[in-house]
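Below: the structure, in structure tokens.
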Amino acid sequence: EMETIDALAIAGSDKAREWLIAGIMPLGSVMLLAASGGEGKSTIAYNWALHVALGTPWSGRRCMQGKSLIIQSDEPLVDTSEKLGVIGYEDAGLEPGTINFWETWRFAHMKQLEDYVRKHRPLFITIDSLTACLAGMDVDLVKSNAGDVIYGLRDLANNYKCSILILHHLNKSGGLRDSTSFVDNVSEVVKLSKSDNEFDSNKFNLEWLKSRSGLTGKHVLRRDALNYGWEYAGPIGGTLEELDKVVNAIHMRKHERFSKHQAAACVGSYDIAGTGKMLEVARRQGLITSSFVDGPNGEKTRMYQSWDYKQ
């Protein structure tokens, strides 16, 4: 007999999604990050890999600690060497083998990648770039079945609980190049671009075009051209700003726990239900965590707190 699960049991589940980088990259997902050439896609991946390896927050976003594999088929390793040196890989205290590079991998060699993942269990894999790693394969990039090559990556992410970042290029009009089936076959699609009439050459928009983890909207990233660094500079508009406000308030008071009512008062809001929704979004994105307190009649009240909170 088929197991039946009640909708209320699912809705009331306390289980939260796991995140490799809180509010940015879900664990066990495949993300397509697209940008124009030379905008810094590779250096974003190098920064994320470093923070994952060290288990330190990236721009305030909590990172799960683990190994990384970077498949670099889009630039010579001499260029990569310069970037890693400037970012600070040599002085970061990395253990040997924590972040490894491949140069010549292609999608035709999926078994080779799966064997590596099974043996070494990296948490973060970057493929730079989609087009370069398809070179030499009989794949028509504009056909509807072109994205089928990504199915194997989805299986890897699901089976081995790793997150895979695929770097891709935008076309001249600012859209994603090649077949829409690439977009259809990944769980997250993110576009990195500059705003029209933006005079700051180091200010970029990071926009979620598709997300199975519930991420939405546009966010600001700032690039430090001198050290190839990137930092998250906040959301652009709407409920994203409300979410950021609630999260920042809780992180500012790391030694306290908040009920929905207390959090609403902390941010100066009379909308307790709305604040409660923002708290739940933040919890499920791994931006904050929660615990329960017991009431006098055995009831449980969820309390929200920073990851740094100690009872």
Side-chain angles (χ1 to χ4, degrees), residues 19-26 29-52 57-63 74-75 83 87 124 126-131 163-178 180 182-184 186-248 278 281-282 284-287:
W19 294 85
L20 181 70
I21 304 173
I24 298 288
M25 181 171 289
S29 66
V30 180
M31 173 187 284
L32 187 71
L33 172 60
S36 298
E39 300 285 32
K41 300 183 296 297
S42 299
T43 57
I44 289 178
Y46 300 159
N47 277 273
W48 287 353
L50 180 59
H51 284 276
V52 168
W58 171 76
S59 200
R61 301 292 175 118
R62 193 166 175 266
C63 295
D74 212 44
E75 69 178 15
K83 292 173 182 175
I87 290 170
F124 182 43
T126 295
I127 296 175
D128 188 3
S129 64
L130 175 63
T131 305
S163 300
I164 301 174
L165 175 67
I166 306 172
L167 303 184
H168 195 33
H169 300 283
L170 296 175
N171 57 34
K172 292 181 179 180
S173 62
L176 271 67
R177 282 174 47 180
D178 307 320
T180 58
F182 291 117
V183 171
D184 296 337
V186 299
S187 49
E188 312 287 317
V189 180
V190 187
K191 175 181 174 181
L192 181 72
S193 62
K194 293 178 182 174
S195 298
D196 294 337
N197 304 317
E198 176 57 64
F199 297 105
D200 186 345
S201 61
N202 292 311
K203 182 178 178 182
F204 292 81
N205 291 337
L206 190 69
E207 180 181 5
W208 263 260
L209 304 180
K210 172 187 175 181
S211 175
R212 290 182 180 150
S213 60
L215 299 173
T216 60
K218 291 184 179 181
H219 305 253
V220 176
L221 291 190
R222 295 199 63 86
R223 179 181 66 183
D224 187 333
L226 294 178
N227 66 11
Y228 295 113
W230 288 87
E231 67 174 14
Y232 177 77
I236 301 175
T239 57
L240 291 173
E241 290 187 351
E242 295 173 24
L243 174 64
D244 215 40
K245 189 176 181 180
V246 169
V247 171
N248 287 338
M278 291 298 104
V281 170
R284 292 181 183 276
Q285 289 187 11
L287 302 175

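The analysis underlying the following values was restricted to heavy atoms, covering all of them including side chains, and did not include hydrogens, waters or symmetry mates.
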Check this for me: Lys218, atom NZ, are more than 12 non-hydrogen atoms of other residues, nucleotides or ligands nearer than 6.0 Å?
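Not more than 12 within 6.0 Å, no.
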Do [X] and [Y] come close enough that some side-chain heavy atom pair is under 4.5 Å?
X      : Y      : value
Leu209 : Val183 : no
Ser193 : Glu39  : no
Ile44  : Leu221 : yes
Leu165 : Phe124 : yes
Tyr228 : Tyr46  : no

Considering all heavy atoms, the nearest [X]-[Y] contact:
X      : Y      : result
Ser42  : Glu75  : OG-OE1, 4.5 Å
Asp244 : Pro235 : OD2-CD, 3.3 Å
Leu240 : Gly217 : CD1-CA, 3.8 Å
Gly38  : Arg223 : O-NH1, 3.9 Å
Gln285 : Gly214 : NE2-O, 4.3 Å
Lys41  : Gly37  : NZ-CA, 4.2 Å

Under the side-chain hydrogen bond (donor to acceptor under 3.5 Å, both in side chains) test against Trp230, which residue among Asn202, Asn47, Thr43 passes?
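Only one option passes, and that is Thr43.
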Fit a plane to each ring of Tyr232 and His219, take the angle between them on a 0 to 90° scale, and name the class: parallel (under 30°), tilted (30 to 60°) or perpendicular (over 60°).
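Rings of Tyr232 and His219: tilted, as their planes differ by 30° to 60°.
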Between [atom1] on residue [X] and [atom2] on residue [Y], distance to nearest 0.5 Å:
X      : Y      : atom1 : atom2 : result
Ile166 : Asp128 : CD1   : CG    : 11.0 Å
Leu32  : His168 : CG    : NE2   : 6.0 Å
Arg212 : Ser29  : CZ    : OG    : 10.5 Å
Trp58  : Met25  : CH2   : CE    : 10.5 Å
Lys245 : Met278 : NZ    : CE    : 12.5 Å
Leu33  : Lys191 : CG    : NZ    : 12.0 Å

Walk me through it: do Arg61 and Leu287 pass the test side chain to side chain contact (heavy atoms under 4.5 Å, CB included)?
CA-CA 7 Å; Arg61 301 292 175 118; Leu287 302 175; 3.4 Å; yes
Testing Ile127, Thr126, Thr131 one by one against Ser129 for a side-chain contact (heavy atoms from CB on, under 4.5 Å), which residue passes?
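Only match with Ser129 under side-chain contact (heavy atoms from CB on, under 4.5 Å): Thr131.
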Are Val190 and Leu192 close enough, and set up right, to give a side chain to side chain contact (heavy atoms under 4.5 Å, CB included), and what steps lead you there?
CA-CA 7 Å; Val190 187; Leu192 181 72; over 6 Å; no
Side chain to side chain contact (heavy atoms under 4.5 Å, CB included) evaluation trace for Leu20 with Met31:
CA-CA 12 Å; Leu20 181 70; Met31 173 187 284; over 6 Å; no
Using atom types as modelled and distance alone, determine if a side-chain donor or acceptor of Lys194 lies under 3.5 Å from a backbone N or O of Asp200.
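Looks like no, no N/O pair under 3.5 Å.
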Between Phe182 and Val186, does a side chain to side chain contact (heavy atoms under 4.5 Å, CB included) hold up when you go through it step by step?
CA-CA 7 Å; Phe182 291 117; Val186 299; over 6 Å; no
Just by distance, no angles: are the side chains of Glu188 and Ser213 close enough, under 3.5 Å, to form a donor-acceptor pair?
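Present: a donor and an acceptor within the cut-off.
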Asp224: side chain to side chain contact (heavy atoms under 4.5 Å, CB included) partners, not counting sequence neighbours
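Partners of Asp224 by the side chain to side chain contact (heavy atoms under 4.5 Å, CB included) criterion, ordered by chain and then number, come out as Leu226, Asn227.
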